Amino acid sequence: MSGYVPQAQLENLKGALAPNKVVVLYGPRQVGKTTLIQRFVREDAPDALVVSGEDINAREFLASESVETLRTLVGRCRTLVVDEAQHVPRIGLNLKLLVDHVEGLRVVATGSSSFELAQQTGEPLTGRKVTLLLLPLAQLELDRIEAAHETRARLDSRLIHGAYPEVVLAAGNEDRESYLKELAGAYLFKDILALEGIRHPDKLLRLLQLLAFQIGRDVSVAELGGKVGLGKNTVQRYLDLLEKTFVIFSRLGFSRNQRKEVARSRRYYFHDNGIRNAVISNFSPLALRDDLGALWENYIQVERLKYNLYTGRLAASYFWRTYDRQEIDLVEEYGGRLHGIEIKWSAKSRARAPRAWSRSYPGSSFSVVHPGNYLEYIAPRQASS
């Protein structure tokens, strides 16, 4: 496979950007933020000024807190793109000065770490910004260049190698695995280790490896700490940083009955299956693996997240479990209704909702996602083809 995969967030960026507004585009490294920006400039803003927060000269202008200096930077341009904006001191305040004092200016700011950029743009840009998240390629994007039978033929690879653009477009598995090892080893922790107070990169990696083996299960912070030799508070901080740098994401337990349902536990998932497998150094074929259920659940969880995100569905997502161990892998709340989704590799798995779920939430829906119907949940247009 070669060429450009149309990005859903490109159209969302075009729709969100308006005069005297800022669109903040977050996402992990290597997911295609630069490609998206280049496409945006080519199609929507050919006269845009594109600068990098890593460039010392641009950074001097952008950190000036001087309206006149900022005006000098943008000149007559009415679209400003600041790549890697988290490197600019007080970027939020400076972007506020720009959109408040330069009539008609549209601004796009990108960053590979939500931790620093969100911290800097939060309060200053209240009411002036829209936030978009870009993740590894979603199946709803890939279905623009794939027929349904091609997608199903590539499912094994998606479970093992994930969906980073470079991986999807690679010629073979050797190239995919080499790229993922480099990405996990070099780029993955760059933003995390650049932050103050990270003194145990080896333990951070061990923490990730433990999470990789606990997909779909409640995670105990105290237990993780004991296994990696870190205090509970440090483990919690590392988990928070891993989420804010888009390595993992978490789900809380859903509960409206605190006495019977688990509410305080969390389950963790990786934003990409390929990164998860690189962390544990396992790219074995599915037939040789004992973690197929975990791979499948992680894949569906993250693809469903991307589907909701890119289509604008405002869904709150959880897992559900009772203390007597009835459970549902994914619970979504949208449109005033609860939707329970069980994720199973076998199409023969039970299709009935747990008794406690049906009794407690009689107006809810319940379904089972398996390889025979999964496209209905992550790329509905393909599922009907």
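Because the structure is a prediction, the values reported are computed rather than measured.
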Judged by atom type as modelled, is there a donor-acceptor pair below 3.5 Å linking the side chain of [X] to the main-chain atoms of [Y]?
| X | Y | answer |
| --- | --- | --- |
| K306 | P136 | yes |
| D83 | S52 | no |
| Q326 | R321 | no |
| Q9 | L133 | yes |
| Q301 | D329 | yes |
| R39 | Y4 | no |
| R276 | A212 | yes |
| D143 | E146 | no |
| N94 | L62 | yes |
| N298 | Y269 | no |

- Distance under 6.0 Å and angle within 45° of the ring axis: does R313 meet both against Y334? yes
Compare all side-chain heavy atoms of [X] with those of [Y] and state whether any distance is below 4.5 angstrom.
| X | Y | answer |
| --- | --- | --- |
| V22 | V130 | no |
| Y179 | Q30 | yes |
| L224 | L211 | yes |

- For the rings on F254 and Y361, is their centre-to-centre separation under 6.0 Å? yes
For atom [atom1] of [X], decide whether the heavy atoms of other residues, nucleotides or ligands shown that lie under 6.0 angstrom number more than 12.
| X | atom1 | answer |
| --- | --- | --- |
| K232 | NZ | no |
| L314 | CG | no |
| E60 | CD | no |
| E103 | CD | no |

- Message: Could you walk me through whether V219 and R266 satisfy the side chain to side chain contact (heavy atoms under 4.5 Å, CB included) test, starting with their C-alpha distance in whole Å, then the side-chain angles of each, then the deciding distance to 0.1 Å, before giving a yes or no?
- Response: CA-CA 6 Å; V219 168; R266 282 186 184 271; 5.5 Å; no
- Could you list who else is in Y323's hydrophobic cluster, with ILVMFWY side chains joined at under 4.5 Å, directly or through other members? V262
- Query: Is D324 salt-bridged to R355, going by a charged N under 4.0 Å from an acidic O?
  - Reply: no
- Query: Does one hydrophobic cluster hold both L292 and V302, with members joined at side-chain heavy-atom distances below 4.5 Å?
  - Reply: yes
- Would you sort out whether F319 and V331 count as a side chain to side chain contact (heavy atoms under 4.5 Å, CB included), showing the intermediate values? CA-CA 5 Å; F319 71 91; V331 171; over 6 Å; no
- For F61 and V88, what are the C-alpha separation, side-chain angles and deciding distance, and is it a side chain to side chain contact (heavy atoms under 4.5 Å, CB included)? CA-CA 9 Å; F61 278 92; V88 180; over 6 Å; no
